[in-house]
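Worksheet: one structure, shown below.
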Amino acid sequence: SQQGEEDPQALSIQEGENATMNCSYKTSINNLQWYRQNSGRGLVHLILIRSNEREKHSGRLRVTLDTSKKSSSLLITASRAADTASYFCATRASGTYKYIFGTGTRLKVLA
Amino acid sequence: NAGVMQNPRHLVRRRGQEARLRCSPMKGHSHVYWYRQLPEEGLKFMVYLQKENIIDESGMPKERFSAEFPKEGPSILRIQQVVRGDSAAYFCASSEDRSTYEQYFGPGTRLTVT
């Protein structure tokens with residue numbers, strides 16, 4: 001798999017349900033970030049989790065990081081139609097400047 | 001508090017023409033990153049610049065592509081002699097300094113090569 005690969009590729013849920021997306025990566029990282037992209041728009045930074053952190057919360061978002069498995073998950077609780085977007089994880093490998101983005105999870109929340 | 005600005009938002013070029021994409025970082029940010037996004041794909045790193053310096057251009061195609069971030073003015077991504085395969089969304093991000101990991105992204109420039 002590629003660095004920063006998300007799964008599932010697409011997810012469709014009902015409003016009010018929780019959505020979980022996963023991200024796997026290959027190398028040691030400094031930090032991992034999650035971004036949202038609405039169709040045809042730029043990226044919106046959601047949350048950053050550092051390599052020495054295991055879990056982080058921001059509003060309805062919960063991110064976990066398991067460095068032993070080289071994976072992260074993003075949980076959106078009580079989803080809303082406005083959460084419909086693509087979600088990307090981005091990792092910065094140790095010793096580098098660049099971020100590697102995954103191919104994204106396309107989330108559709110049905111009203 | 002203006003965010004990262006990119007212009008133009010949409011750019012149409014014929015094959016063989018030059019494309020110039022501009023990025024103005026957030027106020028106080030001196031680090032700029034360019035990424036390219038092909039349809040249905042994630043963003044791919046192209047180049048990382050500080051004022052007047054290219055720090056990492058490992059993601060830039062060797063030919064036709066160049067980037068600069070002058071002391072004054074926006075960062076410019078320049079694509080010479082565009083081909084259809086250059087059609088993509090080009091995003092710019094900025095950060096305050098190297099130790100600030102959070103990058104703020106602009107709205108992107110959608111380049112279409114006809």
Side-chain angles (χ1 to χ4, degrees), chain A residues 1-10 21-27 29-53 56 58 63 65 72 74 85-106, chain B residues 2-7 9-10 21 23-26 29-50 53-60 67 69 88-112:
Chain A
S1 64
Q2 296 180 30
Q3 179 89 344
E5 188 169 293
E6 294 92 339
D7 85 270
Q9 289 188 328
M21 289 157 264
N22 302 297
C23 168
S24 60
Y25 58 92
K26 282 186 162 182
T27 62
I29 60 171
N30 281 315
N31 64 76
L32 183 146
Q33 303 185 51
W34 284 92
Y35 288 85
R36 184 184 73 228
Q37 184 180 36
N38 291 87
S39 181
R41 309 290 289 271
L43 292 168
V44 174
H45 180 267
L46 295 177
I47 200 164
L48 179 151
I49 186 164
R50 302 192 192 285
S51 59
N52 61 352
E53 297 175 311
K56 210 159 180 182
S58 177
V63 168
L65 179 64
S72 173
L74 170 67
S86 290
Y87 292 81
F88 295 90
C89 69
T91 54
R92 189 176 106 160
S94 302
T96 71
Y97 305 113
K98 64 180 117 175
Y99 280 88
I100 307 294
F101 282 76
T103 50
T105 291
R106 287 183 295 283
Chain B
V4 177
M5 314 257 298
Q6 288 188 249
N7 67 80
R9 294 293 308 277
H10 299 274
L21 289 63
C23 168
S24 296
M26 284 183 71
H29 286 193
S30 58
H31 296 242
V32 165
Y33 313 79
W34 284 94
Y35 293 81
R36 176 165 64 177
Q37 184 181 33
L38 295 171
E40 306 299 319
E41 293 188 10
L43 278 69
K44 292 202 170 20
F45 169 83
M46 296 181 76
V47 62
Y48 164 33
L49 309 106
Q50 291 179 30
N53 280 308
I54 296 174
I55 306 301
D56 183 348
E57 55 181 348
S58 59
M60 288 271 276
F69 189 14
Y90 292 83
F91 289 93
C92 161
S94 72
S95 67
E96 189 173 348
D97 59 41
R98 194 176 291 181
S99 63
T100 302
Y101 302 119
E102 187 169 319
Q103 295 179 14
Y104 295 85
F105 280 79
T109 293
R110 273 154 189 81
L111 171 66
T112 302

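The sequence lines fix the lettering, A, B, ..., with proteins before strands; numbering per chain opens at 1. Quick caveat, the model's predicted, so the values are computed rather than measured.
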Test A:Y99 against B:F91 for ring-ring contact (aromatic ring centres under 6.0 Å, His included), laying out the working first.
-> CA-CA 13 Å; A:Y99 280 88; B:F91 289 93; over 10 Å; no
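Taking CD of B:Q103 as the reference point, atom CD of A:Q33 lies at 6.5 Å (rounded to 0.5 Å). Interatomic distance, CG of B:L43 versus OG1 of A:T103, reported as 11.5 Å (0.5 Å rounding). Expressed to the nearest 0.5 Å, how far NE2 of A:H45 lies from OH of B:Y104 amounts to 7.5 Å.
When B:Q6, B:R110, B:M46, B:R9 are compared by the number of non-hydrogen pairs under 4.5 Å with chain A, B:R110 comes out ahead.
Under the salt bridge (Lys or Arg N to Asp or Glu O under 4.0 Å) criterion, B:R36 pairs with no residue at all, not counting sequence neighbours. Looking at residues two or more places apart in sequence or on another chain, you find no ring-ring contact (aromatic ring centres under 6.0 Å, His included) involving A:Y87.
Ring centroid separation for the pair B:Y35 and A:Y35 does not come in under the 6.0 Å cut-off.
Heavy-atom distances place no part of A:Q9 under 4.5 Å from chain B, backbone and side chain included.
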